[in-house]
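Below is one structure, written out as structure tokens; comments come after it.
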Amino acid sequence: MDLHIQQKVFLISGGAKGIGEAISRCIAEEGAFPVIIDPSEIEGKKLTDEFAAKGIRSLHIAKRLSSPSDAKEAVEVAVKVFGRIDGVVNNAGSNDGVGLENGTPEAFRASVEKNLGHYYDMVHYAFPHLKKSKGCIVNIGSKTAITGQGNTSGYIAAKGGQLSLTREWAVELLKYGIRVNAVIPAEVMTPLYKSWLETFENPNLKLKEIEQRIPFENRMTTAQEIANTVVFLLSGRSSHTTGQHIFVDGGYTHLDRAL
Ligand code: NAP
């Protein structure tokens, strides 16, 4: 299926590693131009070099989105280089384990700000360009916003906020023809996930236990499977889909895990 997104410009926060990397690759494979906003210098350069070798334009903005001015600058650079923005994928985030027992009010606020602030900032600064292009927005959430996890209040509050903002922005932006959706992963092997697994005494055993609880095929979701859904939502092939929370998780969140 041709997604008809050739030469469109999409911004991906955290687009150099893990799920974001798969999204950047998928966008490039469809002939669109990924703008990767990610502090990872080596991975970002490797990706843009790889795309250039295939004749695909792309841009790596080596930046961690930590304040509104970072998002403003990233949007300005993207527009300067490409002249337009057709979509924003809010993806960057990390499960930083600031809980009730082990956290502090200050650490909680910092975690919410770190995981939620730049989702708003990116859309705020890209908005005039999305209005012109009738673009779209995809927020990457987490099943933890629905199921809870324990010991990670800040991350969960941010993930819940992202899902609420998906609905809120879908409503606010109806009049501009801008669609807004969320894609919700559960268990995807990425650098972030690997480092979390390594905190267990026997990471392989832990992984096997997790895989057994994933109803569909008892396996992890691949980053590519998340990316495929994201890129479909970025394309006109999903032209009447907005305000949706789409779980790409092998049934992990909603099916009976005791099956
Ligand atoms: P990852 O492996 O850590 O990759 C994320 C990338 O984003 C890294 O390159 C990271 O750089 C970068 N990044 C982090 N904060 C950033 C910021 N403020 N500005 C720009 N770049 C930033 O993570 P992932 O597992 O792919 O997760 C991606 C998204 O999926 C997150 O929103 C996460 O909550 C969500 N998710 C993942 C899973 C899963 O199973 N993996 C499950 C549910 C939800 P550094 O490494 O330098 O920080």
Side-chain angles (χ1 to χ4, degrees), residues 11-26 34-47 60-75 77-78 88-98 110-122 125 138-149 152 154-163 165-166 182-198 206-207 210-211 213-214 219-227 229-230 245-250 252-253:
L11 275 53
I12 313 108
S13 67
K17 285 199 256 178
I19 290 170
E21 174 186 348
I23 296 168
S24 301
R25 285 183 182 281
C26 203
V35 176
I36 300 163
I37 305 155
D38 193 303
S40 322
E41 302 262 2
I42 296 168
E43 290 83 354
K45 185 173 177 336
K46 202 171 141 222
L47 271 180
H60 175 217
I61 301 174
K63 186 179 273 300
R64 185 176 298 281
L65 297 167
S66 325
S67 70
S69 61
D70 293 326
K72 184 170 187 279
E73 206 181 299
V75 166
V77 172
V88 171
V89 182
N90 279 319
N91 162 73
S94 66
N95 193 343
D96 49 7
V98 179
S111 172
V112 174
E113 164 62 27
K114 188 174 85 177
N115 282 295
L116 185 61
H118 59 81
Y119 273 50
Y120 177 88
D121 300 340
M122 286 301 297
Y125 290 113
V138 177
N139 293 322
I140 305 299
S142 167
K143 63 96 181 160
T144 56
I146 308 298
T147 60
Q149 181 177 301
T152 191
Y155 176 74
I156 298 274
K159 289 290 163 193
Q162 292 163 9
L163 295 186
L165 286 175
T166 300
V183 170
I184 306 174
E187 311 288 342
V188 185
M189 194 53 74
T190 63
L192 178 72
Y193 198 98
K194 263 186 208 135
S195 56
W196 173 75
L197 261 186
E198 275 153 21
K206 182 72 187 166
L207 178 60
I210 293 167
E211 285 172 336
R213 289 200 296 262
I214 299 172
R219 64 168 177 84
M220 305 283 285
T221 306
T222 65
Q224 179 71 53
E225 286 169 321
I226 304 291
T229 306
V230 170
H245 297 166
I246 297 169
F247 291 79
V248 183
D249 67 350
Y252 190 88
T253 312

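Counting begins at 1 with the first residue of the sequence. Order of appearance sets the numbers: ligands from 1, and atoms from 1 within every ligand. None of these values were measured; they are calculated from a predicted model. Reckoned from all heavy atoms, side chains included, excluding hydrogens, waters and symmetry mates.
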Q: Taking the side chain as every heavy atom from C-beta outward, state whether Tyr193 and Ile210 have any atom pair closer than 4.5 Å.
A: yes
Q: Look only at interatomic distance and state if Tyr193 has a nitrogen or oxygen under 3.5 Å from any nitrogen or oxygen of ligand 1.
A: no
**Q.** Ion pair check, Asp96 and Lys114, cut-off under 4.0 Å
**A.** yes
Q. Of all the non-hydrogen atoms in the protein, which one sits nearest to atom 24 (P) of ligand 1, and at what distance?
A. Thr190 OG1, 3.6 Å
Q | Contacting atoms of ligand 1, where contact means under 4.0 angstrom from a heavy atom of Asp38 | A | 6 (C), 7 (O), 8 (C), 9 (O), 11 (O), 12 (C), 21 (N)
**Q.** Taking atom 45 (P) of ligand 1 as the reference point, the nearest protein heavy atom with its distance
**A.** Arg64 NH2, 3.5 Å
(Q) If the cut-off is 4.0 Å to any non-hydrogen atom of Gly18, which atoms of ligand 1 fall inside it? (A) 26 (O)
Q) For Lys63, is the nearest heavy atom under 4.0 Å from an atom of ligand 1? A) yes
Q. Ignoring hydrogens and geometry, is there a side-chain-to-backbone donor-acceptor pair from Thr253 to Asp249 under 3.5 Å?
A. no
Q: Flag Val188 as yes when one of its N or O atoms lies below 3.5 Å from any N or O atom of ligand 1, and as no otherwise.
A: yes
**Q.** Under 3.5 Å donor-acceptor, Thr221 side chain and Val188 backbone
**A.** no
Q: Run the numbers for me: atoms of ligand 1, each under 4.0 Å from some heavy atom of Lys159, listed by number.
A: 31 (C), 32 (O), 33 (C), 34 (O)
Q: Sort out for me which residue in Asn115, Thr144, Thr152 forms a side-chain hydrogen bond (donor to acceptor under 3.5 Å, both in side chains) with Asn95.
A: Thr152
Q: List every atom of ligand 1 that sits less than 4.0 Å from any heavy atom of Ile37, numbering the atoms from 1 in the order shown and giving each element.
A: 20 (C), 21 (N)
Q.
Taking a cutoff of less than 4.0 Å between a non-hydrogen atom of the residue and any ligand atom, is Ser94 in contact with ligand 1?
A. no
Q) Ser13: heavy atom below 4.0 Å from ligand 1, yes or no? A) no
**Q.** atom 18 (N) of ligand 1 - nearest protein heavy atom and its distance
**A.** Leu65 O, 3.1 Å
Q: For Pro191, take its heavy atoms, then give the atoms of ligand 1 lying under 4.0 Å from any of them.
A: 2 (O)
Q: Please determine which of Asp70, Asn139, Ile12, Leu11 meets the side chain to side chain contact (heavy atoms under 4.5 Å, CB included) test together with Met122.
A: Leu11
Q. For Tyr155 and ligand 1, does the shortest N/O to N/O distance drop below 3.5 Å?
A. yes
Q. How far is atom 7 (O) of ligand 1 from its nearest protein heavy atom, and which residue and atom name does that atom have?
A. Gly14 CA, 3.1 Å
Q) Hey, are Thr222 and Glu225 close enough side-chain-wise for a donor-acceptor pair under 3.5 Å? A) yes
Q. Any chance NZ of Lys72 has more than 12 other-residue heavy atoms, nucleotides or ligands included, within less than 6.0 Å?
A. no
Q | Heavy-atom gap Ala16 to ligand 1 smaller than 4.0 Å | A | no
Q: For atom 21 (N) of ligand 1, grab the closest protein heavy atom and report residue, atom and distance to one decimal in Å.
A: Pro39 CD, 3.3 Å
Q | Straight-line distance of Lys45 NZ to Ser40 OG, nearest 0.5 Å | A | 14.5 Å
Q.
Under the criterion side chain to side chain contact (heavy atoms under 4.5 Å, CB included), I'd like the reasoning laid out for Val138 against Ile23: C-alpha separation, chi angles, the key distance, then a yes or no.
A. CA-CA 11 Å; Val138 177; Ile23 296 168; over 6 Å; no
Q. Looking only at protein heavy atoms, which one is nearest to atom 32 (O) of ligand 1, and how far off is it?
A. Asn91 O, 2.7 Å
Q | Close approach, Gly141 and ligand 1, non-hydrogen under 4.0 angstrom | A | yes
Q) Does Arg25 pair with Glu21 as a salt bridge, N-O distance under 4.0 Å? A) yes
(Q) Between Lys46 and Glu41, does any NZ, NE, NH1 or NH2 come within less than 4.0 Å of an OD or OE carboxylate oxygen? (A) no
**Q.** Min N/O separation Pro185 to ligand 1 under 3.5 Å
**A.** no
Q) Should you measure from each heavy atom of Glu187, which atoms of ligand 1 turn up under 4.0 Å away? A) 40 (O)
Q.
Once rounded to the nearest 0.5 Å, what's the spacing between atom CG of Leu192 and atom NZ of Lys17?
A. 9.5 Å
Q.
Can you name the atoms of ligand 1, numbered from 1 with element, that are less than 4.0 Å from a heavy atom of Ser40?
A. 9 (O), 11 (O)
Q | Between OG on residue Ser24 and CD1 on residue Ile36, distance to nearest 0.5 Å | A | 4.0 Å
Q. Measuring from Ile19:CD1 to Ile140:CD1, what's the distance to the nearest 0.5 Å?
A. 6.5 Å
(Q) For atom 2 (O) of ligand 1, what's the nearest protein heavy-atom neighbour? Residue, atom name and distance, please. (A) Leu192 N, 3.0 Å
Q | Per-atom contacts of ligand 1 with Ile19, taking only distances under 4.0 Å to non-hydrogen atoms | A | 26 (O), 30 (O), 37 (C)
Q: If you have a sec, work out which protein heavy atom is nearest atom 22 (C) of ligand 1 and how many Å separate them, to one decimal?
A: Ala92 CB, 3.4 Å
Q | Lys143 N/O to ligand 1 N/O under 3.5 Å | A | no
**Q.** Contact with ligand 1 for Glu43, non-hydrogen, under 4.0 angstrom
**A.** no
Q) Does Tyr119 come within less than 4.0 angstrom of ligand 1, counting non-hydrogen atoms of the residue? A) yes
(Q) I need the minimum non-hydrogen distance between Ala145 and Leu163, along with the two atoms involved. (A) CB-CD1, 4.0 Å
